[in-house]
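In what follows, every chain begins at residue 1, and chains take the letters A, B, ... in the order their sequences are listed. Just so you know, these numbers come straight off a predicted model, no measurement behind them.
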2 protein chains.
Amino acid sequence: MVTLEDVARHAGVSLATASRVLNGSTRQVGASLRARVEQAAQQLGYRTNVAAQTLARGASNVVGLVVHDLTDPYFAALADGAMRVAEDQGLMVMVATTHRDPEREIAYVATLNAQRVRAVLLAGSRIANPGVTRRLREELDRYRATGGRIACVGQDLLGADTVAPGNAEGAAELARALAGLGHRRFAVLAGPPWLITAQDRVSGFTGALAELGLPAPQLVHGTFDRDGGYGAAAEVTDATCVFAVNDVMAVGALASFRDRGIRVPEDVSVAGFDDIATLRDLVPSLTTVRLPLSDMGARALELALDPSEEAREPRVERVSGEVVLRGSTRGLTPEG
Amino acid sequence: MVTLEDVARHAGVSLATASRVLNGSTRQVGASLRARVEQAAQQLGYRTNVAAQTLARGASNVVGLVVHDLTDPYFAALADGAMRVAEDQGLMVMVATTHRDPEREIAYVATLNAQRVRAVLLAGSRIANPGVTRRLREELDRYRATGGRIACVGQDLLGADTVAPGNAEGAAELARALAGLGHRRFAVLAGPPWLITAQDRVSGFTGALAELGLPAPQLVHGTFDRDGGYGAAAEVTDATCVFAVNDVMAVGALASFRDRGIRVPEDVSVAGFDDIATLRDLVPSLTTVRLPLSDMGARALELALDPSEEAREPRVERVSGEVVLRGSTRGLTPEG
DNA sequence: CTGTTAGCGCATTCAG
DNA sequence: CTGAATGCGCTAACAG
C-alpha cells in the first residue's frame, strides 16, 4: 500500500508538499517540485486514502441516498438525477434501500451519519406513523447537529429542505380532466392507507370530484406496486374510470382488466401517476400525471448541498405535475 | 462532535473498553462496564466515525458498484441483488453510473480504490476496444494489488471473478425456438457493434440460424436503448420475425411497428432478451430470454467477497437464460 | 477483564 | 514557496 509519504520520499520532497500537489489544496507549489511529485505518484501507483483524508479534513466526499426500492423506476429516476449532480460536484453516492421498512430507514440514517456523509437525501413517501416519524427526526437531528445536511423528496414532514411533488394538486387536476371527458363514476386504487403520498393523491382526487358535485369514488386499498394495482382492480365495481395512484399500479390494473376480458379504454378508462419513462410505450398508453423525477432528485441534492442554509427555515420547493391524457382514458358521451 | 473518548470519559472507562463495547470486537467486557458505556453512548448521541475506524482497521465496510445507467431496469435489478447481499453482510454500497462512458468507468475504479472499498462490482457489457480495456485492467490491477476484490457481471475479460450470462447460448436457443415456430426470414436489431453483450447475442442468434440452414438475418445496428430499437425497427425489410438484443430495444421496436400500423404478432413477430420485470405486462407480452438479474448481481458480490480466492484462477460462473415464448411471437404455417 | 500506548495516512498550522 | 510537527478518532497489540 503506497502512501503519500512514500511518494514524498520518492520525489525527494516533504509530506506537506506532496499533499499540496496531489490533493486539491489552494496552496501553490513550484512547477519543478510539482512535476516530480506527480511523476512519483504516477510511478508508484499512488491512490489517496480517502479515509485518512476524511479524518484529517473532518469532511467526506460522499453523500447518502436512501430510497425504498431501486427496481421501482420512480426511485431509479430520482437516484439518476441525484447522481448527476453528485458527479458534477465530484461526490460519490452511497445508496441504501429500505424496501419500505421504516426501521431500516432510521438505521441507515444512523449509518450514513457514522460515515460522516456530507448530505443525506431521503426519497420516498413518509408514512403516517407518529412514533416512527419522531424517531427518524431524532436521528436526523443528531446528524444535523454535527453539520450534516438533509433533503427530502416527498412530504415536508422532517423539517428539512424538501422537494415536494404536488400530489394532491396533480390528482385534483387529473380528476377534473377525467370529469371533463364525461366520467362520473370513479374508482381509486388507493395504495396503502398509511402511505402519505398515496393519501395525498387520493384526497386530491376525491376532493376535486366533490367540488365538481360528483359522487365519491370507490376506494380500494392495496400495496403500492404492480400487484397491488392488479389485486385492487379486481374489486372495482361499477366505475367508468379507474385512477391508480401510481403508474406501476396502473400497469397492474391494466393487466387485471385484460385478464378478465375487460377492454381499456372501451369498457373502462385507467389513469396513473408519475409518468414513468419505461412505461411510456405501453398499449394503451397511460394517462397520467407527469412528474420531473430526475430533476427532482437533482434539485433535492442541490438543496442539501447548498450552504446558504444557515439557521433558517427549511426550504420547500413544490413541483407540480402535469396531466397527460393518453389512450388509456376515453371520452364518454353523456349517456356513458 | 462526540467522540469515543468523550463516551469513555463519561462512562469512566478507558478508550479501549469503550471501543470494545461499541464496535464489533470479539473481546469481552464486563456487564456493568458494558452497560455504563452503552448508556453514555446513548446519552451523548455517539456515532462511530467510520473514517477513523477504516483508517485504524485498514479495511472499510463499503463496496463499490459500477453500472452504466440506473434507470435501465437491467442495471437496477442487478444493483438490487447486490444490495441485498451487501445488507446481509452489513456493508454499504457506493454506486457509480458511467452512462456508458468507458473513461468514467476507469475513473470510478480509481476513485473506489481511493475509498478503499472492500470490493468493486463492474456490471455491464465490456466494449470491444483494446486500449480502453487495457487501461481498465491496469486500474483494476492496481486496486487488486492492495487487496481489493473485484467481480464482474458480463464478459470474462478482466481477469476477475465473473458472473457471465449465456448471451450467445440464450440467443441461439431463442433462434431455434423461433425457427421452430416456422419463421425463416429474420431481422436482428443488433445494438452498437462495439458492445460485446450485443455482439454475443447477435452471433449466437445468427450462428444457430446458420446451423439450421436458414438464411442469415438482416442486421440493423443502433443504440442499446429504447430509441435504438425504435429506429432500427424502421429499417427492417422483409422479415417475419425481429429479434431485438434486449427487452428495452424490443419495446422501442414494438412502438415503431405500432406507429406504422404494422401489427405484432400478426404482421411481424418480435422477441427481446433479459425478461425485464417491469415490462412483463406489455401487450403483446414479450417473447424473450429470461436472465435471473437480481440473483446475478447478488452472486457477483458474493464471489467478490468470498475470501477463498487466494492466488487462484478467477472464477467464472455461467448463468444460462431461459427462453420464454409469449404473445409477441406467433407460429407460422409453412406458407408463412 | 481492563487500561496504556502507538500508530493508521493525511491536512494543516506554523516556522523558515 | 517549502518543510517539520501536530492531531483527526479509532483499533490493536501489549501489559497489568
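Taking 4.0 angstrom as the limit, A/Ser19 places a side-chain polar atom (N or O) nearer than this to OP1 or OP2 of C/dA11. Look at B/Asn23 and you'll find a side-chain N or O under 4.0 angstrom from OP1 or OP2 of D/dT11. Checking the phosphate oxygens (OP1, OP2) of D/dG3, a side-chain nitrogen or oxygen of A/Ser14 falls inside 4.0 Å.
If you measure from atom CG of A/Asn49 to atom P of D/dC8, you get 18 Å, rounded to the nearest angstrom. One atom, CG of B/Leu15, and another, C1' of C/dT4, lie 10 Å apart when rounded to the nearest Å. Atom CE of B/Met1 is separated from atom C1' of D/dG7 by 15 Å (rounded to the nearest Å). Atom CD of A/Glu5 and atom C1' of C/dG7 are 12 Å apart (whole Å). The interatomic distance linking B/Leu22 (CG) with D/dA12 (P) rounds to 14 Å, in whole Å. Atom CZ of A/Arg116 and atom C1' of D/dC10 are 11 Å apart (whole Å). In this structure, B/Arg36 atom CZ and C/dC1 atom P are separated by 16 Å, rounded to whole Å. Whole-Å rounding puts the A/Arg9 CZ to D/dA4 P distance at 13 Å.
Residue order along DNA chain C, read from the 5' end via each residue's closest nucleotide, puts B/Val13 first among B/Val13 and A/Thr17. Position along DNA chain D of the nearest nucleotide to B/Tyr46 versus A/Gly30 favours A/Gly30 as the more 5'-ward residue. Each of B/Ala52 and B/Ser32 was assigned the nucleotide of DNA chain C with the nearest heavy atom; the assignment lying further toward the 5' end belongs to B/Ser32.
Looking at A/Asp69 and A/Thr97, their side chains never come closer than 4.5 Å, going by heavy atoms from C-beta outward. Between A/Leu303 and A/Val163 there is a side-chain heavy-atom pair separated by less than 4.5 Å.
Checked against C/dA11, C/dG3, D/dT11, the side chain of B/Gln53 finds its nearest nucleotide in D/dT11. Among the nucleotides D/dG3, C/dG9, C/dT2, the one closest to any side-chain atom of A/Ala56 is C/dG9.
Side-chain atoms of B/Arg20 and base atoms of C/dG3 include a donor and an acceptor less than 3.5 Å apart. Residue A/Arg47 places no side-chain atom within donor-acceptor reach of the base of C/dG9, judged by atom type and a 3.5 Å distance cut-off alone.
For the residue pair A/Arg116 and A/Thr54, no side-chain donor N or O sits within less than 3.5 Å of a side-chain acceptor on the partner. B/Thr162 and B/Arg315 share no donor-acceptor pair across their side chains, judged by distance under 3.5 Å alone.
The main-chain N or O of A/Val117 is found under 3.5 Å from a side-chain atom of A/Tyr143 such that the two form a donor-acceptor pair.
Residue-level contact check: A/Leu55 touches the bases, meaning some heavy atom is under 4.0 Å from a base atom.
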